[in-house]
A.B. asks: 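This structure is in structure tokens; I'll ask about it shortly.
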Amino acid sequence: MSKPILLVTRRLPESVEARAASSYQARFNPADQRTTQAGIVEGAAGADAVLCCPADRMDAATIALLPASVRVIGTFSVGTDHIDLPACAARGIAVVNTPDVLTEATAELTMLLILAAARRAGEGERMVRAGEWTGWAPTQMLGTLVSGRRLGIFGMGRIGQAVARMAQGFGMKVHYLNRSHLPEERSHGAIYHDTWDTFLPLCDVLSLNAPGGAETRHWLNAERIAHLPRGAIVANAARGSLVDDVALIAALRSGHVAAAGLDVFDGEPALHPDYMTLENVVLLPHLGSATVETRRAMGMLALDGIDAVLGGARPANLV
Ligand code: DGY
């Protein structure tokens, strides 16, 4: 019997591609070019499965054009906001993602954003590289401690929970805003809030860890920013769409938000050009899950899910 056909939209870690090549007639993207709707639709001709990434726009129009042979889409991500899930359901296409395996990596990156913003790491690095460092000085580039400060986590899923655990190691007092109140073993002692207006005034540091999508679009807007204490720090390793960039930029300029660490951007890889002009923002290129171990595990989990769906099973990572 011939192997099923799998379209792989972007380059994947070697071991993941090797497994895909042994189990499937795999169509790879060796040049790792950014995909277009036409490219995905053409590449999927006759395919049983597609393995895509958050950078691919799997919107309703793209899903509608996929051939009837496609039974499952695996995404190399935990986030699914780039995929029109109702459109997939309407066509009977299953979707599988990569939860759990990227939790620690993304939480570590969140801590990096918080620390880098609080301690002015981006600014300091730029100064050293520009050859402008004239030596140690008692008042040079003073940031702020995170230990003893209050961290508010918006979105207490797996990654938010891991951030809570790690932040406590830094001596932070953790609060969280979430739809549900979590049991102690998952909240790690963090204090629950069910409304943003009581939560935000407590956030010396605010970490966004909620999923993207219509429900959370521009959640951090001017009204909510005004509820943060003056001098707050904002970190976003979740989705750029959570932030109203114009409002955050105004707050970074006024000092209401002292600093921000951003790994994700609305419309990335494009980002609001004003971020480039601000010293008090650390900008990273969506590195949350970017470790060798994590990316390998993500690929293997996505393939496990695709294998299971094509084999007639219901995998745990079915969205
Ligand atoms: C995800 O998994 O959704 C991330 O954004 C990719 O690292």
Side-chain angles (χ1 to χ4, degrees), residues 103-125 127 136-178 181-210 219-220 224-238 242-243 248 251-264 278-284 287-288:
T103 299
E104 296 298 308
T106 310
E108 284 185 5
L109 199 282
T110 304
M111 293 308 300
L112 184 150
L113 292 173
I114 293 170
L115 292 165
R119 301 301 300 274
R120 303 174 62 176
E123 212 179 325
E125 223 240 359
M127 184 176 83
W136 191 91
T139 57
Q140 187 178 61
M141 216 165 267
L142 307 186
T144 180
L145 284 172
V146 299
S147 37
R149 310 292 297 280
R150 297 165 301 181
L151 168 68
I153 299 174
F154 170 53
M156 196 70 159
R158 303 173 188 85
I159 296 168
Q161 291 166 36
V163 172
R165 172 171 43 80
M166 290 180 190
Q168 273 158 353
F170 279 90
M172 301 187 85
K173 299 180 186 106
V174 185
H175 296 254
Y176 70 102
L177 174 64
N178 199 46
H181 191 164
L182 301 180
E184 172 64 27
E185 67 275 13
R186 288 170 61 201
S187 63
H188 304 284
I191 299 161
Y192 176 61
H193 298 261
D194 58 2
T195 56
W196 61 264
D197 50 337
T198 56
F199 165 75
L200 288 172
L202 303 171
C203 299
D204 299 318
V205 179
L206 171 67
S207 175
L208 304 177
N209 295 102
W219 182 84
L220 190 64
R224 292 200 173 95
I225 288 172
H227 280 70
L228 289 169
R230 186 169 175 81
I233 288 167
V234 171
N236 187 8
L242 290 165
V243 174
L248 180 58
L252 284 162
R253 283 205 175 110
S254 73
H256 189 77
V257 170
L262 307 175
D263 185 45
V264 286
L278 295 171
E279 285 290 0
N280 54 346
V281 59
V282 176
L283 306 169
L284 294 182
L287 294 180

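Note that the numbering runs from 1 along the sequence shown for the chain.
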A.B. asks: Any side-chain heavy atom of Leu182 within less than 4.5 Å of one from Tyr176?
C.D. replies: yes

A.B. asks: Do you know which two heavy atoms are closest between Ala258 and Gly231, and how far apart they sit?
C.D. replies: CB-O, 3.4 Å

A.B. asks: Donor-acceptor pair, Thr106 side chain versus Thr103 backbone, under 3.5 Å?
C.D. replies: no

A.B. asks: Please give me the minimum heavy-atom distance between Gly288 and Asp263, naming the atom from each residue.
C.D. replies: N-OD2, 2.9 Å

A.B. asks: I'd like to check Val234 versus Leu228 (side-chain heavy atoms, cut-off strictly below 4.5 Å). Are they in contact?
C.D. replies: yes

A.B. asks: State, with a plain yes or no, whether a side-chain heavy atom of Arg149 is found less than 4.5 Å away from one of Thr144.
C.D. replies: yes

A.B. asks: Taking side chain as C-beta onward, heavy atoms only, is Leu206 less than 4.5 Å from Leu220?
C.D. replies: yes

A.B. asks: Any idea which heavy atoms bring Ala259 and Ala117 closest together, and the distance?
C.D. replies: CB-O, 3.5 Å

A.B. asks: Tell me whether Arg120 contacts the main-chain N or O of Leu142 through its side chain, where contact means a donor paired with an acceptor under 3.5 Å.
C.D. replies: yes

A.B. asks: Within the distance-only criterion (no hydrogens, no angle test), does the side chain of Asn209 pair as donor or acceptor with the backbone N or O of Met156 below 3.5 angstrom?
C.D. replies: no

A.B. asks: Which atom pair, heavy atoms only, marks the closest approach of Gly152 to Cys203?
C.D. replies: CA-SG, 3.6 Å

A.B. asks: Is there a side-chain contact between Thr110 and Ile153 (heavy atoms, below 4.5 Å)?
C.D. replies: no

A.B. asks: Does Arg119 have more than 12 heavy atoms from other residues, nucleotides or ligands lying within 6.0 Å of its CZ?
C.D. replies: no

A.B. asks: With a 4.5 Å heavy-atom cut-off, do Val163 and Leu151 have their side chains touching?
C.D. replies: yes

A.B. asks: Does any part of the side chain of Phe170, heavy atoms only, come nearer than 4.5 Å to the side chain of Ile114, both counted from C-beta?
C.D. replies: no

A.B. asks: Answer yes or no: is there a donor N or O on one side and an acceptor on the other, between the side chain of Tyr192 and the main chain of Asn178, under 3.5 Å?
C.D. replies: yes

A.B. asks: Tell me, please, which residues at least two apart from His188 pass side-chain hydrogen bond (donor to acceptor under 3.5 Å, both in side chains).
C.D. replies: none

A.B. asks: Check Pro229 against Pro201 and note the closest heavy-atom contact, atom names and distance.
C.D. replies: CG-O, 3.4 Å

A.B. asks: Hey, what do you get for CZ (Phe154) to CH2 (Trp196), rounding to the nearest 0.5 Å?
C.D. replies: 11.5 Å

A.B. asks: Are any side-chain N or O atoms of His256 and backbone N or O atoms of Ile225, one a donor and one an acceptor, separated by less than 3.5 Å?
C.D. replies: yes

A.B. asks: Among Leu109, Val264, Leu262, find the residue that satisfies the side-chain contact (heavy atoms from CB on, under 4.5 Å) test when tested with Leu284.
C.D. replies: Leu109

A.B. asks: Rounded to the nearest 0.5 Å, what separation is found between the CE atom of Met111 and the CE atom of Met172?
C.D. replies: 6.0 Å

A.B. asks: Atom NZ of Lys173 and atom OG of Ser147: how far apart are they, to the nearest 0.5 Å?
C.D. replies: 9.5 Å

A.B. asks: Can you find a pair of side-chain heavy atoms, one from Met166 and one from Glu104, that are under 4.5 Å apart?
C.D. replies: yes

A.B. asks: Which heavy atom in Ala237 sits nearest to a heavy atom in Leu113, and how many Å separate them?
C.D. replies: CB-CD1, 3.9 Å

